[in-house]
Amino acid sequence: MSRSASWTVASIRAALLAKKISARELADEYYARIDRRNSELNAYLTLSRDRAYAQADRVDAAVSCGDNLPPLAGVPIAIKDVISTRGIRTTCASKILETYVPPYDATAVGRLDAAGAVFLGKTNCDEFAMGGSNENSAYGPVRNPAAPDRVPGGSSGGSAAAVTADLAVVALGTDTGGSIRQPGSFCGVPGLMPTYGRVSRYGLVAFASSLDKIGPFANNVPDAAAVLSVIAGHDPCDSTSAALPVANYPAEIEQSVTGLRIGVPEEYFADGLDPEVKQRVEAGIALLEKLGCRRVPLKMPHTGYAIAAYYIIATAEASSNLARYDGVRYGLRVPGSTLTEMYRQTRDRGFGPEVKRRIMLGTYALSAGYYDAYYLRAQKVRALIARDFSDAFQKVDAIVTPTAPTPAFRLGEKSADPLQMYLADIYTVTGSLAGVPGISVPCGKTSAGLPVGMQIFGPHFGESRVLQVARAVEHGLH
Ligand code: GLN
């Protein structure tokens, strides 16, 4: 299915080759829609017309010369504003980087450029990717195209909304604790978090370096697979990127799921799960069984500790990563009569309340006297959670859960209570801590018409497996 979207990666390629449309006309079509809808949705923070049209012209020249077209030729893409783009403002949805223009492309961005993609612009998100509703952006919230009084999820809310509203064919997001999967679930589009190390983080503005991953949103699973094939792979600029071969994901995902063992962990279906979400995900599992998968009940006993461990590790890493915004090297500087006062004023005015909260929590967790009680203990819990996953993958090929405990909530509903917001990450942070790949794939709607997402985890570097199961669900439900 391609939902209501007008184009897919494959249909663009066919239309370009048949000369039914040019890459320039396609960019025009997307910018016209963005001009009509962005003021309402607030999905894009910056449009990059100059670069987009230069890229489109390159594709059109290749078509007219009869050259082989690269895999994403002419595909209009949106890029989350925490990923560096040469010559295009990259704010991280923060005041502190309001005027920052990176001098280089992130590796994932450079690969998309080489693959012929057309960069429409940069998308809104929670400030420095810290949040789950997009309400922490310094540039205003994003509306959920599927339900405009509701959040699109976060932190990659703008990317999810852009793809859902057909303001981009595909988009890049980032996922540290759920920021691709949860907005995918809330908006009703597939969103893939690759294995830690599958996609280079070079040029991704760091939030929590041991957890950050770049991955795609798309209107259908094959398009997400096509983007992953381009951005995945080793990069000498990121020592944590894996030197493993990259599969031809679009080809592998069409394999039959018959005979696969699907693990269903009981901890993800317990108290606090919205009954309608539960029902939709159960229906998705029943569909997989009908397709010949075997349902295997699982226990993942450390699941309940994941939120606590995640919010210590992520904030600790954030407090150290965000030390670089000191008014000297990047972006905003608020002058003061002493150096310390300049630092203080710059950080006070430049960062929003959630970012400050996390810097303080993280600094506390790392401080002498508390390090062993918090940070070290959280790392031990992380190892236990990772073991839950490795034990499970001895018995099953994939793990299926809800992506989030509820459908998209209303704008403002949780923003006054950080703890409620953190608890909404309960099903996504586990896989983040374990470093395994996970996808959210649309799995029907509630009676009020709100999208529900099914989350599928695979073993490390098992992206083909999660995409294959997601593809079966997508195919079977529509
Ligand atoms: N909601 C989670 C958080 O606030 C996840 C964010 C993310 O994945 N970038 O940290």
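In listed order, ligands and their atoms are each counted from 1. FYI, the numbering just counts along the sequence from 1.
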Item to check | Atoms in ligand 1 with a heavy atom of Ser155 nearer than 4.0 Å | outcome: 9 (N)
Item to check | Residues Asp126 and Ser155: side-chain donor-acceptor under 3.5 angstrom | outcome: no
Item to check | Donor-acceptor pair between Glu127 and Ser94 side chains, under 3.5 angstrom | outcome: yes
Next on the checklist: I need the nearest protein heavy-atom contact for atom 6 (C) of ligand 1: residue, atom name and distance, please.
Outcome noted: Ser179 OG, 2.9 Å
Checklist entry - When you measure from atom 10 (O) of ligand 1 to every protein heavy atom, which one gives the shortest distance, and what is it? => result Tyr310 OH, 2.7 Å
Item to check | Geometric N/O contact Thr174 with ligand 1, under 3.5 angstrom | outcome: no
Checklist entry - Quick one: does Gly177 get an N or O within less than 3.5 Å of an N or O on ligand 1? => result yes
Checklist outcome for this item: Closest non-hydrogen atoms of Tyr30 and Leu167, given as atom of the first, atom of the second and distance, are CD2-C, 3.7 Å
Next on the checklist: I'd like to check whether Gly131 has a polar contact with ligand 1, where a contact means an N/O of the residue lying under 3.5 Å from an N/O of the ligand.
Outcome noted: yes
Checklist entry - Under 4.5 Å between any side-chain heavy atoms of Thr107 and Asp238, yes or no? => result no
Checklist entry - What protein heavy atom sits nearest atom 4 (O) of ligand 1, and how far off is it? => result Arg358 NH2, 2.7 Å
Next on the checklist: Under a 3.5 Å cutoff, is there a donor and acceptor pairing between the side chains of Thr90 and Ser84?
Outcome noted: no
Next on the checklist: Looking only at distances, can you tell me whether any N or O atom of Phe207, backbone or side chain, sits closer than 3.5 Å to an N or O atom of ligand 1?
Outcome noted: no
Next on the checklist: Is there a side-chain contact between Asp175 and Leu211 in this structure, where contact means two heavy atoms from C-beta onward sitting under 4.5 Å apart?
Outcome noted: no
Checklist outcome for this item: among protein heavy atoms, the one nearest atom 3 (C) of ligand 1 is Tyr311 OH, 3.2 Å
Next on the checklist: Any nitrogen or oxygen of Asp425 lying under 3.5 Å from a nitrogen or oxygen in ligand 1? Just yes or no.
Outcome noted: yes
Next on the checklist: If you count heavy atoms of other groups shown closer than 6.0 angstrom to OH of Tyr104, is the number above 12?
Outcome noted: yes
Item to check | Arg377 CZ: over 12 foreign heavy atoms closer than 6.0 Å | outcome: no
Checklist entry - Going by the atom numbers of ligand 1, which of them fall below 4.0 Å from some non-hydrogen atom of Ala129? => result 6 (C), 7 (C), 9 (N)
